[in-house]
Amino acid sequence: MSMYDNLNSMQQEAVFHTEGPVLILAGAGSGKTRVLTHRACYLIEEKGVNPWHIMAITFTNKAAGEMRERIDSLVGFGSESIWVSTFHSTCVRILRRYIDRLGYDTNFTIYDADDQKILMKDICKRLQIDTKIYKEKSFLGVISSAKDELISPEDFTLRAAGDFAKERQAAVYREYQAALRKNNALDFDDLLVKTVELLSNDAEVLDYYQERFRYIMVDEYQDTNTAQFYLIKLLADKYRNLCVVGDDDQSIYKFRGANIKNILNFEEIYPDAKVIKLEQNYRSTQNILNAANSVIANNVGRKAKALWTDHGEGEKIDFQQFETAYEEADYIAADIRKKVKESGCHFGDCAILYRTNAQSRLFEEKFVVSDIPYKIVGGINFYARKEIKDLLAYLKTIDNGRDDLAVRRIINVPKRGIGATTLGRVQAYAQEQGLSFYQALRGADEISTIGKAGVKIRPFVNFIQTMRSKVEYLGVAKLLQEIIEETGYVSELEAEGTDEAQARIENIDELLSKAVAYEESEETPTLSGFLEMVALVADVDSLQEGSDYVVLMTLHSAKGLEFPNVYLAGMEDGMFPGYMTIISDDPLEMEEERRLCYVGITRAMTQLTITCAKQRMIRGETQYNKVSRFVKEIPGNLLGGMVRTQKKQKDEQESSAQSFRQATSKVKPIFSTRNIYQSRQSNSFASSSTDKIALDYSSGDRVKHMKFGEGTVLQIVEGGRDYEVTVAFDRVGTKKMFASFAKLKKV
DNA sequence: GTTAGAAACAATCCT
DNA sequence: TGTTTCTAAC
């Protein structure tokens, strides 16, 4: 019996059809990851394809990691040379090698949303645009959509002719792009745009990657935008072995430029494409599937699909409407407690999904009080915290002196008495002389206008120069350590003595251990490499298998995940579908919202609970909402739980009102400072202080590492928040590493 | 130049 | 409600 016998006939067809274009329409829970991993395996073991020629591309690091893991366990030999990666990391890898051909340095920096906004503010000021009337964010939105569509500043300018508003946008776009280039920086969209530009302009590079990626598989194809579409098309054009997997019903990223036509018109672009539908669902009960099917049936213009399962009917969907959002949170917390106590359900089996991040707050408060372990995905990224960004700006300045933004961020952190006027003069001088900001600082003595302030600048420049000369032999972690000591960043926080300062120090410690872990996990660690990893991690990436906490996240983040016990909270018109969707005159927006609902429902394996509240506070104002129209699209016979007696409701109201009083009076002050930091600081990618996981290997065991291969565990030292494991690898010698990062597997 | 406190303002979702 | 920006006083 072979491993392929476990697949159903449709899945087998998808696995065995290896040559030419293939479109796999995979309904929710139909085992698409299984198909992709088995397909990679089949290519290598049955078709004799060199793993080096196979590429699998996803949207999130988590999905990529999962696929990597599953391929590793399936493929006997050589799986590590399969290119499994996200779109963005793939682009960065290509650009780090070749972007000099487009006139950038290969050590470019990547700007996050924060950086973009600061840059945009500066540009608006320069162009004398009043940001009270025209918001930075709206310009950034316009530019981002243009980039998604591969529209260059020049193209944009041509199209804008004659339209005042668009001409202004064009001017801003041109300036913005010029500023990025001057700073040797790329924003997120640029990663794709520049890679496509490179591949379409440079035949040599294109040929190299076409030869390398002879078999390409793309996950979540319905979420690709135009730039991603062209990237894939360019790469696949020579061998045409392109296998895309997706589900038009799960297309929920239009706002990010995703073009649903990429999947709907696949057969027109590749007329010889083989189309395979996966309709058997292995995840949910029939009741849950029926609910999902009846909701999505209200959309027009989708590919016909009928999900079915041979699991039984299962439990009815528990639907509850409450007076207030507090009661909703009470109910869900109590229900989770009950399920954990009575039916052997774990906290980690439960997920609460909502439309907007702001909704997490009530649940967090409730869970802190009731002592339920939880983890919030999304919201503020670990790397977006002020203290982390400050330290990273030092690293960026040392790594790439052309990044003006980073330099300006830290020139006066800690306080060096260099203020706005001095900076303005340095800026003017830099502009005049055609220098970068940092270069101007180095030559501060030459700037006549700043006078005595030059004395304050010199130590800073000396410090950066010294650090630059030390990068090579210090390595990332020690460099960071030295920055912290020399600048007195942590000691300043210690002096503050507040809970918040303490939380910041803990975050800095966390950053340090990430730097250490990075150096240990990479074969050739570099400063640029570390900064790059930091720029590309998303929050969902941090979810660890086997940790026991309730997960809270938005419906968008939940795509691709599954949980036995799912709560869809805040199912009200105005929340979900959201206010913006309801007032929109484009009916397609409601369809997208409905697809989001479909995604939510299909995350549930055995039990789905839908809740809503008649009133809730939104930005300090009480809003009154009706039950979501999506709930009404679910046939009544699938719903249970609505029949609650008057008395029972009254009891519940009283008890929740009481706990609400508790939450506001006693708990909140503590909660709002230290605890919120503690609970969120674990929202980072690999290790975390709050959930140390047990190891399933011990000293003397044989283990396997993704890169280093097999080895024997020599020693395990228990550290504060992780285990430090020493392993003697057969191929690469002895290495020390953090357990949570190394992901060692017992063999 | 720096700071704290007041006022203004905000409308998803994310790599 | 929570965050960012403005203002005034040190």
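Being a predicted model, the structure only gives us computed values, none of them experimental. Reminder, nothing fancy here: chain letters follow the sequence lines and each chain counts from 1.
As judged by a 4.0 angstrom heavy-atom cut-off over every strand, A:Gly578 is placed among residues making no nucleic acid contact. Within the 4.0 angstrom heavy-atom criterion, no nucleotide atom of any strand lies near A:Ser89. Using a 4.0 Å heavy-atom cutoff across all strands shown, A:Gly419 reaches sugar-phosphate atoms only and no base atom. Within 4.0 Å (heavy atoms only), A:Tyr253 reaches sugar-phosphate atoms of the nucleic acid but no base atom. Nucleic acid contact class of A:Asn357 (heavy atoms, under 4.0 Å, all strands): sugar-phosphate only. Note on A:Lys254: nothing from the nucleic acid sits closer than 4.0 angstrom, heavy atoms only. A:Ser557 comes within 4.0 angstrom of the backbone, heavy atoms only, and of no base. Contact annotation for A:Asn412: backbone-only contact, meaning every heavy-atom pair under 4.0 Å involves sugar-phosphate atoms and none involves a base. If you check every strand for non-hydrogen atoms under 4.0 Å, A:Phe59 touches sugar and phosphate atoms only.
Rounded to an integer number of Å, the gap from A:Arg361 CZ to C:dT1 C1' is 8 Å. Between the P atom of C:dT4 and the NZ atom of A:Lys135 lies a distance of 15 Å, rounded to the nearest Å.
Side chains of A:Tyr598 and A:Gln250: no donor on one and acceptor on the other come within 3.5 Å. Side-chain atoms of A:Tyr221 and A:Asn262 include no donor-acceptor pair closer than 3.5 Å.
Checked against a 6.0 Å centroid threshold, the rings of A:His556 and A:Phe255 count as neighbours. Between A:Phe59 and A:His88, the distance from one ring center to the other does not fall under 6.0 angstrom.
Interface residues of residues 115-132 of chain A facing DNA chain C, ordered by number: A:Lys121, A:Lys132; criterion, heavy-atom separation under 4.0 Å.
Among residues at least two apart or in separate chains, ring pair (Phe, Tyr, Trp, His ring centres under 6.0 Å) pairs with a member in residues 566-597 of chain A are A:Phe576-A:Phe630.
The only option from A:Glu327, A:Glu328, A:Met571 that meets the side chain to side chain contact (heavy atoms under 4.5 Å, CB included) definition with A:Thr611 turns out to be A:Glu328.
With sequence neighbours left out, A:Tyr173 forms a ring pair (Phe, Tyr, Trp, His ring centres under 6.0 Å) with A:Phe156. Judged as a side chain to side chain donor-acceptor pair (under 3.5 Å), and not counting sequence neighbours, the contacts of A:Glu562 are A:Arg283.
Nearer the 5' end of DNA chain B, as judged by each residue's closest nucleotide, is the contact made by A:Met580, out of A:Asn61 and A:Met580. Comparing A:Ala420 and A:Ile618, the nucleotide of DNA chain B nearest to each residue sits closer to the 5' end for A:Ala420.
Nucleotides B:dT12 and C:dT5 have their P atoms positioned 16 Å apart, rounded to a whole Å. Of the P atoms belonging to B:dC13 and C:dT4, the separation is 14 Å, rounded to the nearest Å.
Side-chain contact between A:Ile252 and A:Leu596 is present, with at least one heavy-atom pair separated by less than 4.5 Å.
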Counting only pairs under 3.5 Å, give me each side-chain donor-acceptor contact of residues 140-148 of chain A, with atom names and distances, residues two or more places apart or in other chains.
| residue | atom | partner | partner atom | Å |
| --- | --- | --- | --- | --- |
| A:Ser144 | OG | A:Asp189 | OD2 | 3.0 |
| A:Ser145 | OG | A:Gly141 | O | 2.7 |
| A:Lys147 | NZ | A:Gln177 | OE1 | 2.9 |
| A:Lys147 | NZ | A:Asp187 | OD1 | 3.3 |
| A:Lys147 | NZ | A:Asp187 | OD2 | 2.7 |
| A:Lys147 | NZ | A:Asp190 | OD1 | 3.0 |
| A:Lys147 | NZ | A:Asp190 | OD2 | 3.3 |
| A:Asp148 | OD1 | A:Asn225 | ND2 | 3.4 |

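Read 5' to 3', the first and last nucleotides of DNA chain B with an atom closer than 4.0 Å to a heavy atom of chain A are B:dG1 to B:dT15.
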